[in-house]
Protein chains: 2
Amino acid sequence: MSCERQRFVVDCPSRLLFDQIADKWSMMVLTVLDPGPMRFNAIKRHLEGVTQKALTQCLRRLERNGLVSRRVIPVSPVAVEYEITRLGRSLQHPFKALYAWMLDHLEEVDEARRIFDERGLPGSGTDFRIPTTS
Amino acid sequence: MSCERQRFVVDCPSRLLFDQIADKWSMMVLTVLDPGPMRFNAIKRHLEGVTQKALTQCLRRLERNGLVSRRVIPVSPVAVEYEITRLGRSLQHPFKALYAWMLDHLEEVDEARRIFDERGLPGSGTDFRIPTTS
DNA sequence: CCGTATCCTAATAGATACTG
DNA sequence: CAGTATCTATTAGGATACGG
């Protein structure tokens with residue numbers, strides 16, 4: 001690897017894969033499934049605000065990508081159980097690192113946001129942007 | 001947290017923060033900025049397919065969250081330099097872990113997808129697949 | 001050069017009704 | 001229970017045009 005900066009091309013596999021796994025619900029679904037298999041509505045109850053449609057789509061994508069397996073239990077009414085796969089479990093390591101980072105830096109990000117938003121407010125006059133020391 | 005499965009509530013700070021950082025371009029922008037400061041159009045050239053609008057929005061959010069700093073150099077025409085902050089740099093560790101996971105498991109995910117997509121095709125009357133272009 | 005503003009279209013989310 | 005189907009509303013994305 002040279003010292004050149006990386007260029008991200010459109011068909012870069014990592015880009016395509018990132019779009020698959022970094023969606024709104026996947027990380028939470030995998031976390032919820034970590035302790036063991038779970039049925040659809042049980043998962044749903046753990047994710048406040050998710051709609052049935054959104055969860056279905058998310059679970060389909062996770063299944064398609066091999067991160068979750070789906071098992072239909074032929075009772076009546078039908079029961080469907082979702083289970084995290086070995087592959088899905090392996091993804092949890094980077095996810096947990098990201099989660100830990102978020103917990104560690106919540107206040108710092110919040111503070112940055114507060115400062116940024118404040119900077120925008122007072123500008124009733126000609127607010128020439130002052131180069132920050134950062 | 002107890003042994004109970006976690007329930008993700010809507011105002012969970014980690015959820016809100018995740019939505020901020022797990023967007024389409026942030027991870028790539030931070031990676032590109034890693035070696036040192038860079039100007040707007042230079043960043044743009046490194047991210048194939050990004051529009052000016054999308055990159056502007058992404059950089060604003062990164063700046064607001066304290067992950068990137070923005071410095072206007074008052075020459076004519078104006079030059080603007082973006083630099084990754086210490087906070088942004090710290091986020092690179094979990095990002096790199098995620099990136100490494102993707103590289104490690106590209107084939108495995110691809111294979112899972114192939115199997116899943118194959119499974120969906122039958123049902124049009126025959127057990128035998130008609131070879132498709134894909 | 002580095003944006004913002006505008007317009008337009010495409011994609012997504014949400015609500016609701018329905019089925020095995 | 002676990003979806004699918006459908007419709008609508010809101011949003012996101014892309015293409016200019018323009019300004020400091």
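Keep in mind that the numbers below use all heavy atoms, side chains included, and drop hydrogens, waters and symmetry copies. Lettering follows sequence order; numbering is per chain, from 1. Since the model is a prediction, treat every value here as computed from it, not as a measurement.
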Handout entry: Linked hydrophobic residues, B:Ile73 as query - side chain contacts closer than 4.5 Å
Key = B:Val75

Exercise for the section: Could you tell me the separation between the CD atom of B:Gln52 and the C1' atom of D:dG14, rounded to a whole number of Å? Expected result: 12 Å

Problem - Ionic contact status for B:Glu63 with A:Arg119, cut-off 4.0 Å - result: yes

Problem - Side-chain donor-acceptor contact under 3.5 Å, A:Thr31 with A:Asp34 - result: no

Handout entry: Separation between CE of B:Met38 and CD1 of B:Ile84, rounded to the nearest 0.5 Å
Key = 12.5 Å

Exercise for the section: Could you tell me the separation between the CG atom of A:Asn41 and the P atom of D:dA2, rounded to a whole number of Å? Expected result: 5 Å

Handout entry: C:dG3 OP1/OP2 closer than 4.0 Å to side-chain N/O of B:Tyr82
Key = yes

Handout entry: A:Lys53 (side chain) and D:dG3 (base): donor-acceptor pair under 3.5 Å
Key = no

Handout entry: Nucleotide pairing, DNA chain D (Watson-Crick or G-U, distances under 3.5 Å), in dot-bracket with [ ] and |
Key = ||||||||||||||||||||

Handout entry: OP1 or OP2 of D:dA2 under 4.0 Å from side-chain N/O of A:Arg39
Key = yes

Handout entry: Side-chain ion pair, A:Arg39 and A:Glu81, N-O less than 4.0 Å
Key = no

Practice task
Taking only Lys NZ, Arg NE, NH1 and NH2, and the carboxylate oxygens of Asp or Glu, determine whether A:Arg15 and B:Glu48 approach each other closer than 4.0 Å.
Solution key: no

Handout entry: More than 12 heavy atoms from other groups under 6.0 Å of CZ on A:Arg89
Key = yes

Handout entry: Near-strand residues of residues 57-79 of chain A, defined as heavy-atom separation under 4.0 angstrom from DNA chain D
Key = A:Arg60, A:Arg70, A:Pro77, A:Val78

